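What you see is a predicted model, and the numbers here were worked out from it, not measured in a lab.
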Amino acid sequence: MDVLNKIPVREQDPKERATNFEEVCLGYNQEEAMQEASRCINCKNAQCVKGCPVAIDIPAFIHEVKEGNIAEAYKIISQSSALPAVCGRVCPQESQCEGKCIRGIKGDPISIGKLERFVADWARENGIKPEGAKEKNGKKVAVIGSGPAGLTCAGDLAKLGYDVTIFEALHEPGGVLVYGIPEFRLPKKAVVAKEIENVQALGVKIETNVVVGKSVTIDELIEEEGFDAVFIGSGAGLPKFMGIPGENSNGVFSANEYLTRSNLMKAFDENSNTPIMKSKKVGVVGGGNVAMDAARTALRLGAEVHIVYRRSEEELPARVEEVHHAKEEGIIFDLLTNPTEILADENGWVTGMKCIRMELGEPDASGRRRPVEVPGSEFVMELDTVIMSLGTSPNPLISSTTEGLETNKWKCIVAEEENGQTSKPGVYAGGDAVTGAATVILAMGAGKAAAKGIDEYLRNK
């Protein structure tokens, strides 16, 4: 075996998968996982752990995989992570644990994410659940939102003996895991639902269709329902738009709406009664993971799809793996291109998008080279659908109905990074509601920090 090169991961053929919603990556089997794990050099001062926002003991779990003790590996991972089968699939490992892997200096880093996925899937197939608290401590905590931050915070608190109830606004728990990330990257029934069942197995209760700020306020949860603390993990579900002419035309979607229709409401299924545009030619504006998800969804629904991004490929914020998969599937990248207007017919339906070519100038405040317009390079792209994927911000509903909860100019809740504490005593927050749209694992890290903060607060109360 060549220790410098990672064991390749089996994937669905690009032509085949471009026509279905089955999972693209097929993962390792046990033999492949044990081979990959044996490439780990078990460093004394493991940098990979420092790269993990939830601080999984990575060398320890990989050692157990190498020895074939998969149940033990799962036990180690689930001490730190409530959602290993999710993280193994959607974490940007290349910039976190794998980005710090010492083996990666001279060869390929260990495929830590794929090993985590293998262990979590094995545990699920073999009916192994995480272990809950031996006894309850009699204190109640409310968690708002059942996305990665809320599930992590709830799971950690339940393990410490708290009585935890999650309040979810939608009709199905999972937050961005169910409405934002497509089936072909993260299967809902097989993976997400099972991970949520594991959190419930720790004793966590989940109430759906509860819109905090409308159905009940945070003050009512504390004063009338007897919760000792509240964690806000309500995410960032409010889409941003460009503010260009024609943006209100029929056939312009936010990526959020488009993905929610397909992922949560199953619009891709012929038997679903949720409508979705049957598009011929789609322009997706943006270059992040969400843009890739929307583009690859539109492609599977039968359209020719263009990614329109104002910087070059080097600056694409999406994961390298996502860009690679999108290209393999036949998505066209129109880089260094910026939309200036959306064109519509007399009935208000999209017919195209006016764009201008860009070139990269000097670096701006973010350190990336700023795109500058090339004079006289305007052109029209004929389209019938435009999907805006420019990021999201938190919905102001909770902050506007909660006295004494400080927010910043982006309407994000202000919270301490190390313990999630907000300006309101007993109220903690984390994830996208605090940072604006970020990754699943960073939200989990924030949920974890807040669980620790809430535990300290209630023990000293």
Side-chain angles (χ1 to χ4, degrees), residues 18 21 169-170 172 175-186 188 235-270 272-310 316-318 322 326 329 331-334 337-345 347-355 380-395 432 436-437:
F21 278 82
L170 296 175
E172 237 179 84
V176 71
L177 305 174
V178 292
Y179 74 73
I181 302 175
E183 192 71 16
F184 53 82
R185 276 216 296 145
L186 188 61
K188 306 297 165 246
L238 196 64
K240 294 179 182 167
F241 287 91
M242 287 184 77
I244 56 175
E247 220 167 11
N248 292 340
S249 307
N250 303 324
V252 178
F253 292 85
S254 68
N256 241 31
E257 179 191 349
Y258 193 81
L259 288 169
T260 301
R261 281 172 184 266
S262 178
N263 302 334
L264 178 68
M265 311 304 290
K266 307 284 179 261
F268 62 82
D269 185 343
E270 314 250 297
S272 164
N273 54 12
T274 297
I276 198 162
M277 278 281 286
K278 288 277 178 267
S279 312
K280 290 191 179 69
K281 193 168 171 188
V282 177
V284 178
V285 181
N289 290 329
V290 178
M292 301 304 143
D293 285 346
R296 294 171 69 199
T297 298
L299 176 90
R300 283 162 171 73
L301 292 170
E304 175 189 315
V305 185
H306 293 249
I307 289 255
V308 181
Y309 182 62
R310 66 199 187 116
L316 277 170
E322 298 308 313
E329 289 165 10
I331 282 165
I332 301 151
F333 282 73
D334 290 303
T337 302
N338 204 32
T340 54
E341 185 182 348
I342 291 166
L343 308 173
D345 63 17
N347 297 321
W349 287 92
V350 171
T351 57
M353 186 161 70
K354 258 191 197 169
C355 299
V380 171
M381 201 182 268
E382 283 180 24
L383 302 166
D384 60 2
T385 309
V386 176
I387 301 173
M388 292 290 178
S389 181
L390 308 163
T392 51
S393 61
N395 186 320
D432 291 4

To check you understand the geometry: which heavy-atom pair defines the closest contact between [X] and [Y], and what is its length?
{"X": "F21", "Y": "E183", "answer": "O-CG, 3.4 Å"}
{"X": "A326", "Y": "M292", "answer": "CB-SD, 4.3 Å"}
{"X": "V284", "Y": "A291", "answer": "CG1-O, 3.7 Å"}
{"X": "G287", "Y": "Y309", "answer": "N-CD1, 3.6 Å"}
{"X": "L390", "Y": "F241", "answer": "CD1-C, 3.7 Å"}
{"X": "T297", "Y": "P182", "answer": "OG1-CG, 3.8 Å"}

Roughly how far apart are [X] [atom1] and [Y] [atom2], rounded to 0.5 Å?
{"X": "L259", "Y": "I181", "atom1": "CG", "atom2": "CD1", "result": "9.5 Å"}
{"X": "L177", "Y": "E172", "atom1": "CG", "atom2": "CD", "result": "11.5 Å"}
{"X": "Y179", "Y": "T260", "atom1": "OH", "atom2": "OG1", "result": "6.5 Å"}
{"X": "I307", "Y": "T337", "atom1": "CD1", "atom2": "OG1", "result": "12.0 Å"}
{"X": "E257", "Y": "I387", "atom1": "CD", "atom2": "CD1", "result": "10.0 Å"}
{"X": "M381", "Y": "H306", "atom1": "CE", "atom2": "NE2", "result": "6.0 Å"}

Hey, can you pull the donor-acceptor pairs under 3.5 Å for the side chains in residues 347-354, sequence neighbours left out?
from	atom 1	to	atom 2	distance (Å)
T351	OG1	L343	O	3.3

Tell me if a side-chain donor or acceptor on [X] pairs with a main-chain N or O of [Y] at a distance below 3.5 Å.
{"X": "S389", "Y": "A255", "result": "no"}
{"X": "K240", "Y": "L238", "result": "no"}
{"X": "S249", "Y": "G246", "result": "yes"}
{"X": "T274", "Y": "A267", "result": "no"}
{"X": "D384", "Y": "K280", "result": "yes"}
{"X": "N263", "Y": "G180", "result": "yes"}

**Message:** Out of the candidates V252, V282, I276, only one should pair with T385 under the side chain to side chain contact (heavy atoms under 4.5 Å, CB included) rule; please name it.
**Reply:** V282
**Prompt:** Run the side chain to side chain contact (heavy atoms under 4.5 Å, CB included) check on F268 and R300 step by step: do they pass?
**Reply:** CA-CA 8 Å; F268 62 82; R300 283 162 171 73; over 6 Å; no
Contact check, side chains of [X] and [Y], non-hydrogen atoms, under 4.5 Å:
{"X": "I244", "Y": "E341", "result": "no"}
{"X": "K188", "Y": "L264", "result": "no"}
{"X": "M388", "Y": "I342", "result": "yes"}
{"X": "P239", "Y": "Y258", "result": "no"}

**Request:** For the pair L301 and S279, evaluate side chain to side chain contact (heavy atoms under 4.5 Å, CB included) and give the outcome as yes or no after the intermediate values.
**Result:** CA-CA 8 Å; L301 292 170; S279 312; over 6 Å; no
**Prompt:** Got a sec, which pairs hit salt bridge (Lys or Arg N to Asp or Glu O under 4.0 Å) with one end in residues 243-253, sequence neighbours left out?
**Reply:** none
